[in-house]
2 protein chains.
Amino acid sequence: MERQTTIKDIALALRLSTSTVSRALRDAPDVSIETRNAVKALAEELDYQPNKLALSLLKNQTNTIGVIIPNLDYVLATMVKGIDEVALEAGYTVMVCQSDESFGREILNTKRLLDSLVDGFIVSVSSETMVYEHIKKIQNKKIPLVLFDRVINNFAVPKISLDNVEGGRLATQHLIDQGYKRIAILGGPENLGVSNDRIAGCIQTLKQNKIPFDKNLVIHCDFNQDYAYVAAKELLSMNKKPDAIFAISDRLAIGAMLAIKEMGLKIPKDIGLVGFNNEPITNLLTPSISSVEMYAFEIGKATAKMFLEMLHSNEDMSDRTIIIKPKLFIRESSNRLGLSK
Amino acid sequence: MERQTTIKDIALALRLSTSTVSRALRDAPDVSIETRNAVKALAEELDYQPNKLALSLLKNQTNTIGVIIPNLDYVLATMVKGIDEVALEAGYTVMVCQSDESFGREILNTKRLLDSLVDGFIVSVSSETMVYEHIKKIQNKKIPLVLFDRVINNFAVPKISLDNVEGGRLATQHLIDQGYKRIAILGGPENLGVSNDRIAGCIQTLKQNKIPFDKNLVIHCDFNQDYAYVAAKELLSMNKKPDAIFAISDRLAIGAMLAIKEMGLKIPKDIGLVGFNNEPITNLLTPSISSVEMYAFEIGKATAKMFLEMLHSNEDMSDRTIIIKPKLFIRESSNRLGLSK
DNA sequence: CTTGTTAGCATAAACGTTTATATATTATCT
DNA sequence: AGATAATATATAAACGTTTATGCTAACAAG
């Protein structure tokens with residue numbers, strides 16, 4: 001690693017002081033035109049680049065955003081893309097740290113980034129995270145923080161997320177409209193808010209339609225196709241088995257689909273199936289899977305915008321909340337009446 | 001953003017000099033036990049965290065790795081996961097910048113990270129990138145640099161990539177073994193090395209098997225399912241149409257599959273199909289798609305390890321190259337003889 | 001009693017900037 | 001001519017560290 005050209009080098013070469021060079025480079029007044037030109041010419045020649053570290057130390061800002069996410073699956077990668085785009089535009093660099101759904105790693109990542117390396121945080125918590133001391137620490141230090149996707153309630157920070165309850169409602173109402181009566185729910189980890197909200201929306205809609213809700217029809221499992229497969233088999237082996245499954249993610253829906261097929265049941269005739277996230281894959285499978293779109297890219301962009309606003313304004317923004325409305329895409333897996341929409 | 005506790009605060013409170021505090025905190029000699037204990041106790045109490053920026057400026061190292069990638073698709077996200085894991089372990093933080101397959105953004109990202117923010121670079125170039133001045137600049141400044149996946153030839157830097165030629169060979173030999181005779185190639189962007197290597201492997205194998213190679217059976221298109229769909233339709237509308245398609249990515253293979261199905265042709269009976277990357281989705285589609293596994297996670301880990309070695313050794317490593325061997329996974333889309341493997 | 005050693009601390013320089021303040025030279029005005 | 005203003009530059013402090021060097025007092029050895 002070669003030593004970079006510094007302002008000192010230029011000053012020395014031109015027999016000037018560093019302050020004059022600094023001012024010349026930034027077109028400040030109080031510098032003669034000749035000096036300014038000479039400085040700029042030499043800077044160009046030596047390929048001078050201001051040292052960002054020195055600047056950061058001085059100004060106490062790094063122009064870097066720390067993004068902490070549980071993983072890099074389709075949805076989150078898309079959100080990160082949205083964050084990245086807005087951040088880049090605004091001159092910020094993004095530091096993405098994956099917690100890999102591990103509480104320990106989330107804490108480690110937070111600590112690392114907290115060591116004055118980032119101007120603020122954009123966080124989506126891991127599914128293991130039930131204690132929020134590390135997030136509180138960010139908050140206590142008055143470091144800008146925005147939560148997205150998997151937000152935490154009772155936390156006075158800006159939040160951007162999907163209306164997951166509404167997503168659950170959309171999916172469920174659709175299944176009901178298609179004549180399904182015993183709707184099972186394939187949920188994510190038990191303490192995961194997004195999952196529970198989707199489930200809540202589902203249950204709510206069942207009640208509204210006067211359909212009895214059977215607790216046994218809710219199964220929680222990790223975000224993993226294989227677990228979903230096992231869980232679905234379990235559901236379909238009940239003596240009063242469901243006639244539809246609402247999976248709170250497409251990956252879970254796929255696991256369920258494999259199980260359903262393997263048991264010789266027909267989708268959507270015997271069993272209706274709706275997923276969540278609207279991953280492109282849902283449209284490629286046979287049958288194609290109905291799914292709830294969550295506009296991940298838009299959520300990402302909105303999050304970054306909110307963050308930047310927070311960074312630059314000095315208003316209290318802790319009660320700002322953006323809730324994105326989901327949309328159901330109806331496909332073969334639940335469309336047994338042959339409706340088109 | 002609250003001011004962090006600094007070494008000065010501690011020094012002032014304890015009527016010591018900053019140097020003594022610094023030494024005390026790091027268990028250096030020349031500090032009495034009482035002083036050391038007092039310093040440590042106060043540091044603990046005030047939640048002192050050393051300022052990384054100051055340290056970075058002083059030591060001229062940031063413990064940060066700049067990763068520049070074209071996008072965050074399944075393969076690259078997996079590679080990044082591998083890089084991340086190794087980097088985290090070694091105490092490094094990763095800065096991921098997506099060029100979004102845009103040459104301009106790749107340059108912008110490189111510039112941003114070059115401003116002394118990272119200790120080195122791990123780069124996979126965009127498909128638009130045909131001129132490598134920005135990469136040369138990294139090299140000229142003697143900043144550690146490792147290329148991975150989409151590497152550049154004639155560049156004296158460590159490289160980690162898949163044996164793409166071999167991948168092309170595996171896929172093609174398999175198709176030939178299955179009795180396919182007119183094998184078309186669905187390639188990526190024309191100047192993309194990984195794509196061309198896979199194609200080269202394919203052509204090589206055709207020749208080895210004395211199968212005439214028809215130039216018209218090679219179509220290049222962007223990494224996009226829709227383009228692949230159009231390209232495949234074109235291929236299948238030729239008067240001497242192919243009886244198999246080797247797609248150099250799974251996404252392209254999926255586009256081709258849709259086209260084939262739509263034209264009423266049967267897979268694998270009428271048309272054989274092999275993809276590349278072995279994305280999980282290949283095993284979920286109907287028919288399931290044969291694909292070449294590229295061990296993305298391993299490539300990511302190997303890349304990060306190589307990078308760290310380069311960072312810490314002072315040997316010349318510019319001729320280091322790791323080539324990962326691919327493996328073909330045979331599935332329904334190409335298995336018309338009913339072989340199992 | 002002088003000299004040397006050592007323990008324990010402080011001082012100062014360094015990393016690369018910006019910026020408030022000081023200084024020196026020249027120009028302007030009365 | 002002398003005072004004042006203006007211009008153009010330098011000096012120094014600051015950001016938060018580490019570290020080489022310097023200093024002082026106590027104590028041991030001769």
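In what follows, every chain begins at residue 1, and chains take the letters A, B, ... in the order their sequences are listed.
Across C:dT17, C:dC9, C:dA20, the shortest atom-to-atom separation from the side chain of B:Leu16 is found for C:dC9. Considering only side-chain atoms of B:Arg3, the nucleotide from C:dT11, D:dG16, C:dT17 that sits closest is D:dG16. Minimum atom distance to the side chain of A:Ile7 is reached by C:dT18, of the listed D:dT17, D:dC15, C:dT18. Proximity note for A:Lys59 (side chain, C-beta onward) versus C:dG8, C:dT18, C:dG16: the nearest is C:dT18. Across D:dT11, D:dT17, C:dG16, the shortest atom-to-atom separation from the side chain of A:Asn51 is found for C:dG16. Of the candidates C:dG16, D:dA12, C:dG8, the closest approach to any side-chain atom of B:Ser32 belongs to C:dG8. Comparing D:dT11, C:dC9, D:dT18 by their closest approach to the side chain of B:Val31 singles out C:dC9.
Place B:Asp30 and A:Ala54 on DNA chain C by their nearest nucleotides, and B:Asp30 ends up nearer the 5' end. A residue-by-residue look at A:Thr18 and A:Pro29 shows that A:Pro29 has its nearest nucleotide of DNA chain D further toward the 5' end.
At the phosphate of D:dT17, neither OP1 nor OP2 sits under 4.0 Å from any side-chain N or O atom of B:Arg26. A sub-4.0 Å separation between OP1 or OP2 of C:dT18 and a side-chain N or O of A:Ser22 is present.
Heavy atoms of A:Thr6 sit under 4.0 angstrom from primed sugar atoms or phosphate atoms, though from no base atom. Using a 4.0 Å heavy-atom criterion, one finds that A:Ser56 contacts no nucleic acid atom at all. Residue-level contact check: A:Arg36 touches neither bases nor backbone, having no heavy atom under 4.0 Å from any strand. Across all strands shown, A:Gln49 has heavy atoms under 4.0 Å from sugar-phosphate atoms exclusively, and none from any base. In this structure, B:Leu55 reaches the sugar-phosphate backbone alone: every heavy-atom distance under 4.0 Å involves primed, P, OP1 or OP2 atoms, never a base. Contact annotation for A:Glu34: no contact, since no heavy-atom pair falls under 4.0 Å across all strands.
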So B:Met79 and B:Ile69, side-chain contact (heavy atoms from CB on, under 4.5 Å) or not? Walk me through it.
CA-CA 10 Å; B:Met79 290 180 172; B:Ile69 51 175; over 6 Å; no
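Remark: the A:Ser318 side chain and the A:Asp316 side chain contain an N/O donor-acceptor pair separated by less than 3.5 Å.
Between the side chain of A:Thr35 and the base of D:dT9, no donor-acceptor pair of N or O atoms lies under 3.5 Å.
Taking atom CZ on B:Arg23 and atom C1' on D:dT18, their separation rounds to 10 Å, with Å as the unit.
A:Cys97 contributes atom SG, which lies 7.5 Å from atom CG of B:Leu88 (distance to the nearest 0.5 angstrom).
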